[in-house]
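Everything below concerns the one structure shown next.
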Amino acid sequence: MRLTRILQVSAYAGALALSIPQAAFSDNFERPGFARIALACTGCHGASGQGMGSIPAISGIPESEFIRTMQEFKTGYRSATVMDRIARGYQYQDFLELARFFKNHR
């Protein structure tokens, strides 16, 4: 059952990863609005970032820790089921805004 859940989450997160940061590979694109980026996170991490099942909570994390973790995913220093691939499509400013948003949600 756990493997099934992991595969479901991976498929869902993969779809999100393709729908939002794919523009990062184009020369002519507009950055998605912050609300759209935060919404993508809630698909796996819950409406307030509270975590769901084996997916960790991202709410209440200090900004510096949140940003460091996301940068580690982006650079490949930290591996994960899907976050290491999703993080590649975002910029530092995205990480900062997300950190601030989820820091205050519990």
Side-chain angles (χ1 to χ4, degrees):
M1 180 151 151
R2 181 179 163 101
L3 178 59
T4 302
R5 177 70 177 146
I6 290 172
L7 292 174
Q8 288 171 337
V9 168
S10 296
Y12 183 72
L16 284 173
L18 291 174
S19 69
I20 294 173
Q22 68 182 346
F25 301 105
S26 170
D27 290 337
N28 184 16
F29 73 94
E30 291 182 29
R31 296 281 312 146
F34 170 71
R36 191 167 170 202
I37 294 172
L39 181 61
C41 299
T42 65
C44 295
H45 293 277
S48 296
Q50 75 276 11
M52 297 171 40
S54 63
I55 299 171
I58 57 174
S59 61
I61 298 174
E63 287 178 27
S64 61
E65 182 181 339
F66 187 100
I67 293 167
R68 184 186 75 246
T69 299
M70 293 303 293
Q71 288 177 321
E72 288 175 355
F73 283 136
K74 183 174 181 155
T75 62
Y77 183 77
R78 181 183 291 219
S79 62
T81 304
V82 296
M83 280 307 304
D84 51 344
R85 292 181 297 275
I86 292 171
R88 290 183 200 144
Y90 297 108
Q91 299 172 359
Y92 177 85
Q93 186 65 31
D94 300 324
F95 297 153
L96 177 61
E97 291 175 7
L98 289 169
R100 289 178 176 164
F101 178 80
F102 285 111
K103 181 178 99 174
N104 299 315
H105 285 78
R106 291 180 190 238

- Hydrophobic cluster membership, Leu96 vs Phe73, 4.5 Å side-chain cutoff: yes

- Side-chain heavy atoms of His45 within contact of Phe102, under 4.5 Å: no

- Message: Show the nearest heavy-atom pair for residues Ala47 and Thr42, with the distance to one decimal.
- Response: O-CG2, 3.5 Å

- By salt bridge (charged side-chain N to carboxylate O under 4.0 Å, His left out) - contacts of Glu65 (at least two apart): none

- Which residues pass the side-chain hydrogen bond (donor to acceptor under 3.5 Å, both in side chains) test with Glu72, sequence neighbours left out? Arg78

- Give, for atom CG of Leu98 and atom CD1 of Ile61, the distance between the pair rounded to the nearest 0.5 Å. 11.0 Å

- Query: Would you find a donor on one side and an acceptor on the other, under 3.5 Å apart, between the side chain of Gln93 and the backbone of Gln91?
  - Reply: no

- Interatomic distance, CG@Asp84 vs CE@Met70, rounded to 0.5 Å, equals 10.5 Å

- Message: When you group the ILVMFWY residues by side-chain heavy-atom contacts below 4.5 Å and let the links chain together, are Phe66 and Tyr77 in the same group?
- Response: no

- Qualifying salt bridge (Lys or Arg N to Asp or Glu O under 4.0 Å) pairs, either residue in residues 38-64, two or more places apart: Glu63-Arg100, Glu63-Lys103

- Query: Where is the tightest heavy-atom contact between Ala87 and Phe95, given as atom of each residue plus distance?
  - Reply: O-CZ, 3.7 Å

- How long is the span from the CZ atom in Phe101 to the OG atom in Ser59, to the nearest 0.5 Å? 10.0 Å

